[in-house]
Amino acid sequence: AKAISGSHYKFFDHDLQLSIQRKRLIESHLHNAINNNELNLLLQPKIEIHTGHIVGAEALLRWHSTEIGQVSPAEFIPIAEKSGQIIELGNWVLNQALQLIKDWCQKGYKIPKIAVNLSAVQLKDVNLVQDIKKALEHYQVHSEYLELEITETAAMSDPEFSNSQLSAIKAMNITLAMDDFGTGYSSLSYLASLPIDRVKIDRSFVSDIQHSNEARGIIESIIHLGKILNKTVIAEGVEETEQLELLKRLGCHEAQGYLISRPVASSEFIALLGKADS
Ligand code: C2E
Ligand code: CA
Ligand code: CA
Ligand code: CA
């Protein structure tokens, strides 16, 4: 029996060592990801529930490393946040999104807002506001096309500085959305104090909506909160027709998820927009 517990710890050490090695591997190869052209942005449409029209899209980062293959952002973003590489990655994503918007506008396409995710580390960066301003000027893109998604937990750490950063971004006429809402325990008064236009209901509540009264209750109160505070409410991670129907009945404005579309390449997104148009 002693031997069993001994080997149990050995396995644990082994797993731990593997995960440390994997993190080092990712961190070291991430350094070349931008120069080696290994990054790509996909777009996932957002629809207005009562019309079905595409009213926006979220840009989602993809990394195909020549050395280690496809790595999920859920794995490499936290590593890039710890190493500080997220600042460079975040700027790449913003620039790439603005380049897409610029190309589309030049072609005369009628496009909706494109949302870019901002990491908690970027929100703490004193250069953030300047970087965004410079990028908008460089690409000559109107700020009304840009939306930024900030997680509830990111906004809650250092609330005062977050608030001043967000206010400066809002002053540029950029739309702000609070991501993963419902998971961060922020208060009603705190949410009311932020210059946020939109609230995204976290996927965990949406996936439980049919089976958990609690999840449905939370969704109902977020929608209610949105009405009181005059914020557009969107549900993420919608995978089933029944979830969309329920959300519609509860008065949720917008939806995003595999049911509507997976994240797609930019050319495919334009094709989807065209289809929805005619
Ligand atoms: P997130 O911001 O909450 O993004 C939504 C995630 O849910 C995306 O995963 C998306 O592909 C996935 N998703 C969308 N619809 C569904 C659905 O119906 N079902 C399920 N199961 N999943 C759905 P992805 O692209 O793997 O990104 C994971 C996370 O990585 C994102 O969560 C975000 O926190 C982060 N991330 C991705 N791109 C960026 C980026 O450019 N910058 C930053 N800072 N973070 C990013
Ligand atoms: Ca997001
Ligand atoms: Ca989210
Ligand atoms: Ca989420």
Side-chain angles (χ1 to χ4, degrees), residues 26 30 33-34 38-47 49 54 56-64 70-100 113-125 128 131-132 135 146-155 175-184 196-210 219 222 233-244 247 252 254-266 268-269 272:
I26 287 174
L30 207 47
I34 294 179
E38 297 173 348
L39 298 174
N40 185 29
L41 276 191
L42 296 184
L43 295 163
Q44 187 177 37
K46 301 176 179 182
I47 60 158
I49 294 180
I54 296 175
E58 177 176 7
L60 292 160
L61 187 56
R62 292 293 177 265
W63 177 30
H64 186 90
Q70 194 77 24
V71 187
S72 153
E75 190 177 13
F76 71 79
I77 295 281
I79 295 171
E81 288 178 327
K82 283 206 190 78
S83 68
Q85 293 162 307
I86 190 70
I87 300 295
E88 202 188 343
L89 279 184
N91 274 321
W92 185 87
V93 171
L94 178 65
N95 281 271
Q96 191 67 20
L98 293 177
Q99 178 73 63
L100 278 175
K113 277 186 211 298
I114 306 298
V116 165
N117 288 286
L118 264 199
S119 146
V121 175
Q122 288 176 278
L123 191 61
K124 288 203 170 80
D125 180 10
L128 175 71
D131 285 350
I132 296 171
L146 188 62
E147 176 171 327
L148 296 173
E149 296 190 3
I150 303 105
T151 64
E152 185 187 8
T153 19
T175 302
L176 288 171
M178 187 160 280
D179 205 355
D180 299 349
F181 193 72
T183 59
I196 291 277
D197 309 280
R198 303 160 56 81
V199 169
K200 287 190 95 168
I201 303 172
D202 190 65
R203 186 176 84 219
S204 56
F205 305 113
V206 176
S207 51
D208 286 349
I209 191 171
Q210 299 118 297
I219 290 177
I222 296 175
V233 177
I234 175 164
E236 69 173 15
V238 180
E239 295 180 347
E240 294 164 27
T241 314
E242 207 185 318
Q243 294 168 345
L244 189 64
L247 287 162
C252 186
E254 297 175 9
Q256 178 184 353
Y258 294 166
L259 175 71
I260 297 130
S261 168
R262 297 237 164 203
V264 295
S266 55
E268 205 175 324
F269 176 68
L272 285 175

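Counting starts at 1 for both ligands and their atoms, following the listed order.
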Practice item. Please test Asn117 against Leu60 for side-chain contact (heavy atoms from CB on, under 4.5 Å), starting from the C-alpha separation and ending with a verdict. Key: CA-CA 8 Å; Asn117 288 286; Leu60 292 160; 3.8 Å; yes
Under 4.0 Å, heavy-atom basis, I'd like to know which part of [X] is in contact with ligand 1: side chain, backbone, both or neither.
X	value
Asp180	side chain
Asp179	side chain
Pro263	side chain
Leu61	both

**Study point:** Check: Ser72 N/O within less than 3.5 Å of ligand 1 N/O
**Key:** no
Review point. Can an N or O of Arg203 be found at a distance shorter than 3.5 Å from an N or O of ligand 1?
Key: yes
Tell me whether ligand 1 is touched by [X] - counting only heavy atoms on the residue side and a distance under 4.0 Å.
X	value
Glu81	no
Arg262	no
Gly90	no

If you compare all heavy atoms of [X] against all heavy atoms of [Y], which two are closest, and at what distance to 0.1 Å?
X	Y	answer
Glu236	Arg203	OE2-N, 3.1 Å
Ile26	Phe76	CG2-CB, 3.9 Å
Trp92	Leu61	CZ3-CD1, 3.6 Å
Asp131	Leu94	O-CD2, 4.5 Å

Review point. Can you tell me if Thr151 has an N, O or S atom under 3.0 Å away from the Ca ion (ligand 2)?
Key: no
Practice item. Give a yes or no on this: more than 12 heavy atoms of other residues, nucleotides or ligands lie within 6.0 Å of atom CD of Glu75. Key: yes
Considering only heavy atoms of [X], which atoms of ligand 1 have at least one such atom less than 4.0 Å away?
X	value
Gln44	14 (C), 15 (N)
Val93	41 (O)
Glu239	17 (C), 18 (O), 19 (N), 20 (C), 21 (N)

**Study point:** Sole residue of Glu152, Glu149, Met178 in side-chain contact (heavy atoms from CB on, under 4.5 Å) with Lys200
**Key:** Glu149
Study note, to complete from the structure: The single option from Ile54, Leu100, Leu42 that satisfies side-chain contact (heavy atoms from CB on, under 4.5 Å) with Phe269 is Ile54
Identity of the nearest option to [atom], non-hydrogen atoms only, from [options]:
atom	options	value
atom 1 (P) of ligand 1	Glu58, Glu149, Gln96	Glu58
atom 43 (C) of ligand 1	Asn117, Leu60, Leu259	Asn117
atom 5 (C) of ligand 1	Lys200, Arg62, Glu236, Gln243	Glu236
atom 36 (N) of ligand 1	Ala154, Ala80, Pro73	Pro73
atom 16 (C) of ligand 1	Trp92, Trp63, Phe76, Tyr258	Tyr258

Exercise for review: For Glu254 and Lys113, run salt bridge (charged side-chain N to carboxylate O under 4.0 Å, His left out): C-alpha distance rounded to whole Å, both residues' side-chain angles, the deciding distance at 0.1 Å, then the answer.
Suggested key: CA-CA 13 Å; Glu254 297 175 9; Lys113 277 186 211 298; over 6 Å; no
Point to revise | Residue pair Leu43, Leu272: steps toward the side-chain contact (heavy atoms from CB on, under 4.5 Å) verdict | key: CA-CA 11 Å; Leu43 295 163; Leu272 285 175; over 6 Å; no
Exercise for review: Kindly confirm whether the Ca ion (ligand 3) is within less than 3.0 Å of some N/O/S atom in Glu236?
Suggested key: yes
Review point. Leu148 and Ile132: side-chain contact (heavy atoms from CB on, under 4.5 Å), yes or no, with the steps?
Key: CA-CA 11 Å; Leu148 296 173; Ile132 296 171; 3.8 Å; yes
Review point. Given OD2 of Asp179 on one side and OE1 of Glu149 on the other, what angle do they make at the Ca ion (ligand 2), to 10°?
Key: 90°
Point to revise | Minimum-distance N/O/S atom that Glu58 presents toward the Ca ion (ligand 2) | key: OE2
Exercise for review: Measuring from the Ca ion (ligand 3), name the closest N, O or S atom belonging to Asp180.
Suggested key: OD1
**Study point:** Pairwise distance CG(Leu41) to CD(Gln99) - rounded to 0.5 angstrom
**Key:** 11.5 Å
Exercise for review: Apply side-chain contact (heavy atoms from CB on, under 4.5 Å) to the pair Leu39 and Arg62, showing each step before the final yes or no.
Suggested key: CA-CA 6 Å; Leu39 298 174; Arg62 292 293 177 265; over 6 Å; no
